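Because the structure is a prediction, the values reported are computed rather than measured. Computed from heavy atoms alone, side chains included, the values below leave out hydrogens, waters and symmetry copies. Every number for a ligand or one of its atoms is a count from 1 in the order of the listing.
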Amino acid sequence: MTATLEATDLRKQFAIGRPAIDGVSFAVPAGEIVVLLGPSGCGKTTTLRCVAGLEHPTGGEIAIGGKVVSQPERGILVPPRARDLGMVFQSYAVWPHMTVRQNVVYPLKHRKISRTDASKKVDEVLALVGLSEYADRSVVALSGGQMQRVALARSMVYRPQLLLLDEPLSNLDAKLRLRLRDDLRVILKQTGMTALYVTHDQAEAVVLGDRIGVMRDGKLLQIGSPDEIYNRPADLFVANFTGATNELAGTLIARNGQFGTVDFGGGRCGEAALLQQLNPGDKVRIALRPENIAIGRQDGANSYTAGIVDRRYQGTQTVYDIDLFGHRLEALELGTAARHAIGVETPVCLPREACWAYRDQGPLSYD
Ligand code: ATP
(Lines give C-alpha, C1' and ligand atoms only; values in the text may rest on other atoms or scores of the structure.)
Protein backbone atom coordinates (compact mmCIF):
# COMPACT_ATOMS: atom_id res chain seq x y z
CA MET A 1 0.00 0.00 0.00
CA THR A 2 1.36 3.34 -1.02
CA ALA A 3 0.69 6.21 1.37
CA THR A 4 0.43 9.96 1.69
CA LEU A 5 3.26 11.76 3.49
CA GLU A 6 2.55 14.98 5.34
CA ALA A 7 5.07 17.22 7.07
CA THR A 8 3.66 20.16 9.02
CA ASP A 9 5.75 23.03 10.39
CA LEU A 10 8.72 20.69 10.69
CA ARG A 11 11.68 22.02 12.70
CA LYS A 12 15.11 20.69 13.52
CA GLN A 13 17.63 22.51 15.65
CA PHE A 14 20.95 20.74 16.14
CA ALA A 15 23.04 21.51 19.22
CA ILE A 16 24.97 24.13 17.23
CA GLY A 17 24.19 26.49 14.37
CA ARG A 18 21.02 27.96 12.96
CA PRO A 19 17.95 25.70 12.50
CA ALA A 20 18.63 23.02 9.88
CA ILE A 21 14.86 22.88 9.20
CA ASP A 22 12.89 26.00 9.92
CA GLY A 23 9.13 25.47 9.65
CA VAL A 24 8.80 23.24 6.58
CA SER A 25 5.35 22.03 5.49
CA PHE A 26 4.52 19.90 2.47
CA ALA A 27 2.41 16.93 1.46
CA VAL A 28 3.19 14.10 -0.92
CA PRO A 29 -0.08 12.50 -2.08
CA ALA A 30 -0.08 8.71 -2.51
CA GLY A 31 1.75 7.69 -5.67
CA GLU A 32 3.44 11.05 -6.21
CA ILE A 33 7.18 11.74 -6.45
CA VAL A 34 8.26 14.92 -4.67
CA VAL A 35 11.84 16.09 -5.10
CA LEU A 36 13.46 18.34 -2.50
CA LEU A 37 15.97 20.48 -4.38
CA GLY A 38 18.47 22.94 -2.99
CA PRO A 39 22.12 23.80 -2.49
CA SER A 40 24.37 22.02 -0.02
CA GLY A 41 23.38 22.69 3.58
CA CYS A 42 19.80 23.84 2.80
CA GLY A 43 18.30 21.11 5.02
CA LYS A 44 16.98 18.63 2.47
CA THR A 45 18.82 15.58 3.84
CA THR A 46 17.82 16.47 7.40
CA THR A 47 14.19 16.69 6.25
CA LEU A 48 14.41 13.24 4.64
CA ARG A 49 16.14 11.80 7.72
CA CYS A 50 13.38 13.18 9.95
CA VAL A 51 10.79 11.46 7.74
CA ALA A 52 12.82 8.25 8.00
CA GLY A 53 13.02 8.55 11.79
CA LEU A 54 16.83 8.66 11.68
CA GLU A 55 16.82 12.23 12.97
CA HIS A 56 14.59 13.54 15.74
CA PRO A 57 12.75 16.76 14.80
CA THR A 58 12.50 19.44 17.46
CA GLY A 59 9.06 20.60 16.36
CA GLY A 60 6.14 20.02 14.01
CA GLU A 61 4.51 16.84 12.84
CA ILE A 62 5.13 14.05 10.33
CA ALA A 63 2.33 11.71 9.29
CA ILE A 64 2.61 8.72 6.95
CA GLY A 65 -0.59 7.19 5.65
CA GLY A 66 -2.53 9.35 8.09
CA LYS A 67 -0.62 8.01 11.10
CA VAL A 68 1.47 10.50 13.08
CA VAL A 69 5.01 9.11 13.31
CA SER A 70 6.67 12.17 14.79
CA GLN A 71 5.34 14.92 17.00
CA PRO A 72 7.85 16.03 19.63
CA GLU A 73 5.32 18.25 21.42
CA ARG A 74 3.36 15.11 22.34
CA GLY A 75 6.38 12.86 22.74
CA ILE A 76 5.51 10.80 19.64
CA LEU A 77 8.49 9.28 17.83
CA VAL A 78 7.87 6.06 15.91
CA PRO A 79 11.19 4.24 15.27
CA PRO A 80 12.38 3.87 11.65
CA ARG A 81 11.64 0.15 11.36
CA ALA A 82 7.99 0.72 12.35
CA ARG A 83 7.45 3.37 9.65
CA ASP A 84 7.28 0.91 6.72
CA LEU A 85 9.77 2.78 4.53
CA GLY A 86 12.24 1.90 1.81
CA MET A 87 15.45 3.91 1.63
CA VAL A 88 18.09 4.37 -1.05
CA PHE A 89 21.25 6.35 -0.32
CA GLN A 90 24.11 7.82 -2.27
CA SER A 91 26.40 4.94 -1.27
CA TYR A 92 25.23 1.71 -2.82
CA ALA A 93 24.85 -0.04 0.54
CA VAL A 94 24.79 -3.54 -0.92
CA TRP A 95 26.33 -6.53 0.83
CA PRO A 96 29.45 -7.38 -1.17
CA HIS A 97 29.68 -11.03 -0.12
CA MET A 98 26.21 -11.81 -1.49
CA THR A 99 24.71 -12.31 -4.93
CA VAL A 100 22.14 -9.93 -6.37
CA ARG A 101 19.30 -12.27 -5.41
CA GLN A 102 20.60 -12.75 -1.86
CA ASN A 103 20.84 -8.99 -1.41
CA VAL A 104 17.33 -8.38 -2.64
CA VAL A 105 15.65 -11.23 -0.74
CA TYR A 106 17.27 -10.16 2.55
CA PRO A 107 14.56 -7.73 3.78
CA LEU A 108 11.92 -10.44 3.22
CA LYS A 109 13.65 -12.81 5.63
CA HIS A 110 12.42 -10.81 8.61
CA ARG A 111 8.88 -10.76 7.32
CA LYS A 112 6.46 -13.64 7.41
CA ILE A 113 6.61 -14.52 3.72
CA SER A 114 6.88 -18.04 2.31
CA ARG A 115 9.98 -18.99 0.37
CA THR A 116 7.96 -19.30 -2.86
CA ASP A 117 6.32 -15.92 -2.43
CA ALA A 118 9.65 -14.31 -1.57
CA SER A 119 11.26 -15.79 -4.65
CA LYS A 120 8.37 -14.51 -6.81
CA LYS A 121 8.66 -11.00 -5.33
CA VAL A 122 12.41 -10.96 -5.95
CA ASP A 123 11.96 -12.06 -9.57
CA GLU A 124 9.35 -9.34 -10.09
CA VAL A 125 11.42 -6.55 -8.63
CA LEU A 126 14.58 -7.66 -10.46
CA ALA A 127 12.63 -7.56 -13.72
CA LEU A 128 11.40 -4.09 -12.80
CA VAL A 129 14.91 -2.72 -12.28
CA GLY A 130 16.27 -4.59 -15.31
CA LEU A 131 18.52 -7.04 -13.46
CA SER A 132 16.83 -10.42 -14.09
CA GLU A 133 19.81 -11.83 -15.93
CA TYR A 134 22.20 -10.78 -13.13
CA ALA A 135 20.26 -12.45 -10.31
CA ASP A 136 22.95 -14.99 -9.43
CA ARG A 137 25.94 -12.76 -9.98
CA SER A 138 27.99 -11.49 -7.05
CA VAL A 139 27.24 -7.79 -6.55
CA VAL A 140 30.94 -6.92 -6.64
CA ALA A 141 30.92 -7.97 -10.30
CA LEU A 142 28.41 -5.22 -11.16
CA SER A 143 28.79 -1.64 -12.35
CA GLY A 144 27.94 1.25 -10.01
CA GLY A 145 24.63 1.77 -11.81
CA GLN A 146 23.75 -1.90 -11.46
CA MET A 147 24.65 -1.87 -7.76
CA GLN A 148 22.34 1.06 -7.25
CA ARG A 149 19.60 -0.90 -9.04
CA VAL A 150 20.19 -3.71 -6.53
CA ALA A 151 19.86 -1.22 -3.67
CA LEU A 152 16.66 0.09 -5.24
CA ALA A 153 15.25 -3.42 -5.73
CA ARG A 154 16.08 -4.29 -2.13
CA SER A 155 14.32 -1.18 -0.82
CA MET A 156 11.20 -1.90 -2.89
CA VAL A 157 10.87 -5.70 -2.66
CA TYR A 158 8.64 -5.61 0.43
CA ARG A 159 6.48 -2.86 -1.09
CA PRO A 160 6.93 -0.22 1.62
CA GLN A 161 4.30 2.49 1.76
CA LEU A 162 6.89 5.20 1.15
CA LEU A 163 10.27 5.29 -0.60
CA LEU A 164 12.98 7.78 0.46
CA LEU A 165 15.90 8.45 -1.88
CA ASP A 166 18.88 10.62 -0.92
CA GLU A 167 21.02 11.61 -3.93
CA PRO A 168 21.01 8.00 -5.18
CA LEU A 169 22.67 8.90 -8.48
CA SER A 170 25.50 11.10 -7.33
CA ASN A 171 28.18 8.41 -7.19
CA LEU A 172 27.57 7.35 -10.78
CA ASP A 173 29.47 8.60 -13.81
CA ALA A 174 27.64 11.06 -16.05
CA LYS A 175 26.35 8.56 -18.61
CA LEU A 176 25.06 6.00 -16.10
CA ARG A 177 23.53 8.78 -14.11
CA LEU A 178 21.40 9.97 -17.00
CA ARG A 179 20.34 6.44 -17.88
CA LEU A 180 19.33 5.49 -14.33
CA ARG A 181 17.66 8.87 -13.82
CA ASP A 182 15.32 8.23 -16.72
CA ASP A 183 14.76 4.59 -15.72
CA LEU A 184 14.11 5.52 -12.11
CA ARG A 185 11.08 7.59 -12.94
CA VAL A 186 9.64 4.78 -15.08
CA ILE A 187 10.29 2.24 -12.30
CA LEU A 188 8.75 4.41 -9.58
CA LYS A 189 5.72 5.17 -11.72
CA GLN A 190 5.24 1.48 -12.54
CA THR A 191 5.15 0.62 -8.85
CA GLY A 192 2.92 3.61 -8.05
CA MET A 193 4.98 4.22 -4.91
CA THR A 194 4.98 7.48 -3.01
CA ALA A 195 8.52 8.83 -3.08
CA LEU A 196 10.49 11.64 -1.47
CA TYR A 197 13.71 12.29 -3.38
CA VAL A 198 16.53 14.61 -2.38
CA THR A 199 19.01 16.18 -4.82
CA HIS A 200 20.96 19.35 -5.57
CA ASP A 201 20.76 18.63 -9.30
CA GLN A 202 18.01 20.61 -10.99
CA ALA A 203 17.97 18.45 -14.14
CA GLU A 204 17.38 15.38 -11.98
CA ALA A 205 14.59 17.16 -10.12
CA VAL A 206 12.81 18.13 -13.33
CA VAL A 207 12.98 14.67 -14.89
CA LEU A 208 12.00 12.78 -11.75
CA GLY A 209 9.60 14.94 -9.83
CA ASP A 210 5.86 15.26 -10.16
CA ARG A 211 6.49 18.24 -7.94
CA ILE A 212 9.66 19.97 -6.83
CA GLY A 213 10.21 21.70 -3.49
CA VAL A 214 13.05 24.23 -3.53
CA MET A 215 14.79 24.67 -0.16
CA ARG A 216 17.20 27.26 1.16
CA ASP A 217 18.52 27.86 4.69
CA GLY A 218 16.11 25.35 6.22
CA LYS A 219 13.04 26.84 4.52
CA LEU A 220 10.87 25.54 1.72
CA LEU A 221 10.70 28.50 -0.67
CA GLN A 222 8.35 27.02 -3.25
CA ILE A 223 6.74 23.70 -4.04
CA GLY A 224 5.10 23.12 -7.40
CA SER A 225 5.19 21.22 -10.69
CA PRO A 226 8.46 21.41 -12.63
CA ASP A 227 6.65 23.71 -15.07
CA GLU A 228 5.63 26.10 -12.26
CA ILE A 229 9.11 26.09 -10.74
CA TYR A 230 10.72 26.78 -14.11
CA ASN A 231 8.21 29.23 -15.53
CA ARG A 232 6.91 31.01 -12.43
CA PRO A 233 9.66 30.93 -9.80
CA ALA A 234 8.38 32.37 -6.52
CA ASP A 235 11.47 34.44 -5.79
CA LEU A 236 14.85 35.48 -7.08
CA PHE A 237 16.66 32.59 -5.40
CA VAL A 238 14.41 29.94 -7.00
CA ALA A 239 14.76 31.71 -10.36
CA ASN A 240 18.54 31.82 -10.09
CA PHE A 241 18.91 28.28 -8.73
CA THR A 242 16.89 26.88 -11.61
CA GLY A 243 18.93 28.68 -14.25
CA ALA A 244 17.68 32.27 -14.58
CA THR A 245 21.16 33.49 -13.76
CA ASN A 246 21.04 36.97 -15.30
CA GLU A 247 19.97 39.87 -13.10
CA LEU A 248 19.11 43.46 -13.91
CA ALA A 249 18.33 45.99 -11.17
CA GLY A 250 15.83 48.80 -11.64
CA THR A 251 12.78 50.62 -10.29
CA LEU A 252 9.19 49.75 -11.14
CA ILE A 253 7.59 52.90 -12.55
CA ALA A 254 4.22 51.63 -13.79
CA ARG A 255 1.99 48.58 -13.58
CA ASN A 256 -0.03 47.15 -16.42
CA GLY A 257 -1.83 44.01 -15.25
CA GLN A 258 0.65 41.18 -14.94
CA PHE A 259 3.43 43.29 -16.45
CA GLY A 260 5.20 46.43 -15.34
CA THR A 261 7.55 49.06 -16.72
CA VAL A 262 10.98 49.10 -15.12
CA ASP A 263 13.45 52.00 -15.21
CA PHE A 264 16.98 50.62 -15.45
CA GLY A 265 18.58 54.07 -15.13
CA GLY A 266 20.35 56.14 -17.78
CA GLY A 267 17.08 56.61 -19.65
CA ARG A 268 16.67 52.86 -20.27
CA CYS A 269 13.31 51.24 -19.59
CA GLY A 270 11.90 47.80 -20.15
CA GLU A 271 8.90 45.63 -19.43
CA ALA A 272 8.81 42.67 -17.08
CA ALA A 273 6.38 40.08 -15.75
CA LEU A 274 5.48 40.78 -12.13
CA LEU A 275 5.73 37.47 -10.27
CA GLN A 276 5.33 39.13 -6.88
CA GLN A 277 3.03 41.83 -5.51
CA LEU A 278 4.91 44.98 -6.53
CA ASN A 279 4.02 48.65 -6.67
CA PRO A 280 5.37 51.61 -8.61
CA GLY A 281 8.41 53.00 -6.78
CA ASP A 282 9.59 49.55 -5.63
CA LYS A 283 13.20 48.64 -6.28
CA VAL A 284 13.20 45.42 -8.30
CA ARG A 285 15.55 42.83 -9.68
CA ILE A 286 14.83 41.15 -12.98
CA ALA A 287 15.82 37.50 -13.43
CA LEU A 288 16.33 36.22 -16.96
CA ARG A 289 17.51 32.92 -18.43
CA PRO A 290 20.51 33.06 -20.80
CA GLU A 291 18.57 31.01 -23.36
CA ASN A 292 15.74 33.55 -23.40
CA ILE A 293 17.89 36.42 -24.68
CA ALA A 294 17.48 36.59 -28.45
CA ILE A 295 20.68 37.86 -30.05
CA GLY A 296 20.58 39.41 -33.53
CA ARG A 297 16.90 40.21 -33.28
CA GLN A 298 14.79 43.18 -32.23
CA ASP A 299 11.19 42.29 -31.69
CA GLY A 300 8.74 44.52 -29.83
CA ALA A 301 9.24 45.54 -26.18
CA ASN A 302 12.71 45.25 -24.63
CA SER A 303 14.60 45.55 -27.91
CA TYR A 304 18.05 47.05 -27.45
CA THR A 305 21.54 47.10 -28.87
CA ALA A 306 24.25 45.19 -26.98
CA GLY A 307 27.96 44.59 -27.43
CA ILE A 308 29.40 41.08 -27.71
CA VAL A 309 32.13 40.97 -25.06
CA ASP A 310 33.09 37.32 -25.15
CA ARG A 311 31.91 34.02 -26.53
CA ARG A 312 32.38 30.36 -25.67
CA TYR A 313 31.64 27.92 -28.45
CA GLN A 314 30.37 24.62 -27.06
CA GLY A 315 29.64 22.66 -30.23
CA THR A 316 25.86 22.54 -30.19
CA GLN A 317 25.48 25.95 -28.56
CA THR A 318 27.40 29.17 -27.98
CA VAL A 319 27.42 31.16 -24.75
CA TYR A 320 27.94 34.92 -25.21
CA ASP A 321 28.80 37.57 -22.65
CA ILE A 322 27.00 40.70 -23.75
CA ASP A 323 27.17 44.25 -22.51
CA LEU A 324 23.69 45.70 -22.20
CA PHE A 325 23.82 49.35 -21.17
CA GLY A 326 26.63 48.69 -18.75
CA HIS A 327 25.32 45.34 -17.40
CA ARG A 328 27.11 42.13 -18.27
CA LEU A 329 24.65 39.36 -19.15
CA GLU A 330 25.06 35.83 -20.41
CA ALA A 331 23.14 34.79 -23.52
CA LEU A 332 22.93 31.33 -24.98
CA GLU A 333 22.25 30.53 -28.60
CA LEU A 334 21.54 26.99 -29.80
CA GLY A 335 23.07 25.70 -33.03
CA THR A 336 26.45 24.57 -34.25
CA ALA A 337 27.40 27.98 -35.68
CA ALA A 338 28.76 30.79 -33.46
CA ARG A 339 27.12 33.59 -35.45
CA HIS A 340 28.21 36.71 -33.58
CA ALA A 341 31.77 37.99 -33.41
CA ILE A 342 33.41 39.45 -30.31
CA GLY A 343 33.49 43.25 -30.39
CA VAL A 344 30.45 43.84 -32.62
CA GLU A 345 27.27 45.66 -31.64
CA THR A 346 24.16 43.59 -32.22
CA PRO A 347 20.42 43.91 -31.71
CA VAL A 348 19.05 41.92 -28.77
CA CYS A 349 15.57 41.23 -27.49
CA LEU A 350 14.60 40.30 -23.92
CA PRO A 351 11.04 38.96 -24.20
CA ARG A 352 9.00 40.60 -21.45
CA GLU A 353 7.33 37.34 -20.35
CA ALA A 354 10.83 35.92 -19.72
CA CYS A 355 11.90 38.93 -17.62
CA TRP A 356 10.67 38.17 -14.08
CA ALA A 357 10.55 41.05 -11.62
CA TYR A 358 11.08 40.47 -7.90
CA ARG A 359 11.38 42.82 -4.96
CA ASP A 360 15.01 43.86 -4.54
CA GLN A 361 16.18 42.50 -1.20
CA GLY A 362 19.85 43.19 -1.82
CA PRO A 363 22.43 40.88 -3.28
CA LEU A 364 21.85 37.20 -2.59
CA SER A 365 24.55 34.62 -2.03
CA TYR A 366 23.94 31.57 -4.14
CA ASP A 367 26.32 29.07 -2.59
P1 ATP B 1 23.99 18.33 1.36
O2 ATP B 1 23.45 18.36 -0.02
O3 ATP B 1 25.38 18.90 1.47
O4 ATP B 1 23.84 17.00 2.03
P5 ATP B 1 21.62 19.30 2.70
O6 ATP B 1 20.81 20.31 2.02
O7 ATP B 1 21.13 17.91 2.65
O8 ATP B 1 23.12 19.38 2.22
P9 ATP B 1 21.66 18.99 5.54
O10 ATP B 1 22.62 17.85 5.52
O11 ATP B 1 20.24 18.69 5.81
O12 ATP B 1 21.74 19.81 4.21
O13 ATP B 1 22.18 20.06 6.61
C14 ATP B 1 21.42 21.22 6.93
C15 ATP B 1 22.18 22.04 7.97
O16 ATP B 1 22.26 21.32 9.19
C17 ATP B 1 23.60 22.36 7.57
O18 ATP B 1 23.90 23.66 7.98
C19 ATP B 1 24.41 21.35 8.35
O20 ATP B 1 25.70 21.85 8.64
C21 ATP B 1 23.60 21.18 9.60
N22 ATP B 1 23.75 19.84 10.20
C23 ATP B 1 23.47 18.65 9.62
N24 ATP B 1 23.72 17.65 10.46
C25 ATP B 1 24.19 18.21 11.63
C26 ATP B 1 24.60 17.70 12.90
N27 ATP B 1 24.58 16.40 13.15
N28 ATP B 1 24.98 18.60 13.84
C29 ATP B 1 24.97 19.92 13.59
N30 ATP B 1 24.58 20.46 12.42
C31 ATP B 1 24.18 19.63 11.45
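- The pair D123-R101 meets the salt-bridge criterion, with a side-chain N (NZ, NE, NH1 or NH2) lying under 4.0 Å from an Asp/Glu carboxylate O.
- Electrostatic pairing of D321 and R312 counts as a salt bridge here, judged by a charged N lying under 4.0 Å from a carboxylate O.
- Here the CG atom belonging to L169 is positioned 6.0 Å from the CZ atom belonging to R177, to the nearest 0.5 angstrom.
- Using a cutoff of 4.0 Å between basic side-chain nitrogens and carboxylate oxygens, E247 and R285 are scored as salt-bridged.
- Protein residues having a heavy atom under 4.0 Å from any atom of ligand 1 are F14, A20, P39, S40, G41, C42, G43, K44, T45, T46, E167, listed by chain and number.
- Listed by first and then second residue, the salt bridge (charged side-chain N to carboxylate O under 4.0 Å, His left out) pairs involving residues 149-172 are R149-D183 (not counting sequence neighbours).
- Within the model, atoms CG of L128 and CG of L152 stand 7.5 Å from one another, a figure rounded to the nearest 0.5 Å.
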